[in-house]
Undergrad: 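Dumping the structure here so I can ask a few things about it.
We count residues from 1, following the sequence as given.
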Amino acid sequence: MTRSRTAKLALGAAALALALSSPASAQFGGIVYDPTNYAQNVLTAARSLQQINNQITQIQNQAQSLINQARNLTNLPTSVLSSIQQDIDRTRALITQAQQIAYRVQDIDQVFSQRYPAGSLSGTSSGTLVSNAQTRWTDALAAYQDSLRTGATVTGNLDGTRSQASTLVTASQAARGALQAAQAGNQLIALQTRQLADLTAMLAAQARATAIESARAAADEAQGREQTKRFLAPGTGYVAQSVSLFHD
């Protein structure tokens with residue numbers, strides 16, 4: 001601001017000198033004074049000063065641009081990715097620890113072929129029927145337990161989600177540059193992905209429990225029909241036998 005005013009004053013002085021000067025020159029003490037030449041020199045000096053001011057302003061702008069670029073390349077000092085990964089691993093561990101019937105297609109097919117047969121039960125012994133019914137009941141109970149455990153784990157992650165979201169939003173609002181803002185946004189997306197993973201795990205556990213219970217009901221119904229058929233099948237009736245209640 002000061003340099004700019006100085007340049008303007010110099011330009012004004014030069015213009016005034018040109019206006020008041022006369023083409024005649026004067027001599028004072030052996031020194032020739034030319035007003036026109038003096039005014040031109042003042043005007044040249046003022047223009048040079050203005051150019052210097054412009055160059056200083058340009059350098060300042062370039063320096064500010066470099067500062068802004070440095071801010072845009074500064075990494076975000078806050079990261080919650082490790083805690084998000086831990087939450088995902090905890091939920092994933094529950095899935096791998098599923099009881100009785102695992103979340104693998106091969107295991108499901110094998111279990112259903114043994115305990116949930118779709119064909120006729122006429123060739124299955126009564127003991128096997130009873131054993132399979134007991135195992136199916138255990139499958140259903142374990143599936144409900146797994147569903148409750150998954151729901152409890154997902155609910156337990158809510159406190160961590162609240163803390164992580166608060167940290168990331170604060171970091172995003174205080175971001176110094178584009179890189180920090182982008183990194184905060186990426187971590188928020190990772191947090192949302194973990195929430196979707198939790199929701200997927202919970203829905204899968206609930207659907208698994210419902211499916212196993214429905215399969216158990218269907219298998220028990222088929223077994224009930226087979227046992228009723230065997231009970232009503234014609235054959236040797238009841239034969240009375242002598243029983244001694246008292247000993248002589």
Side-chain angles (χ1 to χ4, degrees), residues 81 83-161 189-248:
L81 292 179
S83 59
I84 292 176
Q85 185 62 48
Q86 291 175 359
D87 293 338
I88 294 177
D89 291 341
R90 187 162 47 248
T91 304
R92 183 174 178 271
L94 280 178
I95 297 176
T96 59
Q97 295 171 5
Q99 306 174 72
Q100 298 297 113
I101 302 178
Y103 288 91
R104 290 188 292 268
V105 176
Q106 293 180 351
D107 293 339
I108 293 173
D109 292 341
Q110 181 179 1
V111 168
F112 265 70
S113 64
Q114 296 174 355
R115 303 197 288 263
Y116 301 83
S120 174
L121 299 175
S122 59
T124 306
S125 65
S126 298
T128 301
L129 291 177
V130 174
S131 177
N132 286 342
Q134 178 66 28
T135 305
R136 289 193 296 267
W137 177 82
T138 304
D139 291 343
L141 188 63
Y144 281 121
Q145 183 180 7
D146 289 339
S147 177
L148 290 174
R149 292 174 61 195
T150 303
T153 301
V154 171
T155 302
N157 289 340
L158 291 178
D159 290 338
T161 300
I189 293 175
L191 181 59
Q192 292 177 348
T193 303
R194 197 223 67 201
Q195 290 177 300
L196 290 176
D198 284 349
L199 179 60
T200 301
M202 187 170 61
L203 292 177
Q206 292 176 349
R208 173 176 175 266
T210 302
I212 291 177
E213 175 60 25
S214 299
R216 183 180 78 90
D220 289 349
E221 181 181 352
Q223 179 174 328
R225 288 196 301 267
E226 178 61 27
Q227 289 177 325
T228 301
K229 178 182 177 181
R230 293 181 184 183
F231 180 78
L232 298 177
T236 304
Y238 174 74
V239 178
Q241 299 179 358
S242 59
V243 177
S244 178
L245 297 178
F246 303 97
H247 296 282
D248 295 336

Undergrad: Any side-chain heavy atom of Q134 sitting closer than 4.5 Å to one from V130?
TA: no
Undergrad: Mind checking side-chain hydrogen bond (donor to acceptor under 3.5 Å, both in side chains) for S147 and listing every partner two or more places apart, or none if nothing turns up?
TA: none
Undergrad: Is it the case that atom CD in Q106 sees more than 12 heavy atoms from other parts of the structure closer than 6.0 Å?
TA: no
Undergrad: Under the side-chain contact (heavy atoms from CB on, under 4.5 Å) rule, collect the residues that match up with L121, sequence neighbours excluded.
TA: P117, T124, L129, A222, Q223, E226
Undergrad: Rounded to the nearest 0.5 Å, how far apart are CG of L191 and CG of L196?
TA: 10.0 Å
Undergrad: How far apart are the closest heavy atoms of G151 and M202, and which atoms are they?
TA: CA-SD, 4.2 Å
Undergrad: Is there any ring-ring contact (aromatic ring centres under 6.0 Å, His included) pair reaching into residues 113-146, and which pairs are they, with sequence neighbours excluded?
TA: F112-Y116
Undergrad: How long is the gap from CZ on R194 to CG on D87, to the nearest 0.5 Å?
TA: 4.5 Å
Undergrad: What side chain to side chain donor-acceptor pair (under 3.5 Å) pairs are there with at least one residue in residues 199-211, not counting sequence neighbours?
TA: D146-R208
Undergrad: ring-ring contact (aromatic ring centres under 6.0 Å, His included): which pairs involve residues 199-224, sequence neighbours left out?
TA: none
Undergrad: Which pairs count as salt bridge (charged side-chain N to carboxylate O under 4.0 Å, His left out) when at least one residue sits in residues 94-103, sequence neighbours excluded?
TA: none
Undergrad: Measuring from atom OG1 of T153 to atom CG of L148, what distance do you get when rounded to the nearest 0.5 angstrom?
TA: 10.5 Å
Undergrad: Report the distance from atom CG of N132 to atom CZ of R216, rounding to the nearest 0.5 Å.
TA: 13.0 Å
Undergrad: Under the side-chain contact (heavy atoms from CB on, under 4.5 Å) rule, collect the residues that match up with L81, sequence neighbours excluded.
TA: S79, Q187, A190
Undergrad: Could you work out, with side-chain hydrogen bond (donor to acceptor under 3.5 Å, both in side chains) as the rule, every residue matching D109, not counting sequence neighbours?
TA: none
Undergrad: Report the residues that fulfil side-chain hydrogen bond (donor to acceptor under 3.5 Å, both in side chains) with T96, sequence neighbours left out, ordered by chain and then residue number.
TA: none
Undergrad: Let me see the working for N157 and R90 under side-chain hydrogen bond (donor to acceptor under 3.5 Å, both in side chains), right down to the final yes or no.
TA: CA-CA 10 Å; N157 289 340; R90 187 162 47 248; 3.2 Å; yes
Undergrad: Of the options V111, T138, L141, I212, which is the one that meets Q100 in a side-chain contact (heavy atoms from CB on, under 4.5 Å)?
TA: T138
Undergrad: Taking side-chain hydrogen bond (donor to acceptor under 3.5 Å, both in side chains) as the definition, give me every residue that meets it alongside D107, ordered by chain and number, with sequence neighbours left out.
TA: R104
Undergrad: Show the numbers, then the answer: is there a side-chain contact (heavy atoms from CB on, under 4.5 Å) between V154 and L199?
TA: CA-CA 8 Å; V154 171; L199 179 60; over 6 Å; no
Undergrad: For A201, which residues count as a side-chain contact (heavy atoms from CB on, under 4.5 Å) partner, sequence neighbours excluded?
TA: T91, I95, T150
Undergrad: Within a 6.0 Å radius of atom CZ on R230, are there more than 12 heavy atoms belonging to other residues, nucleotides or ligands?
TA: yes
Undergrad: Name all residues meeting the side-chain contact (heavy atoms from CB on, under 4.5 Å) criterion together with A217; count only those two or more places apart in sequence or in a different chain, and write none if there are none.
TA: none
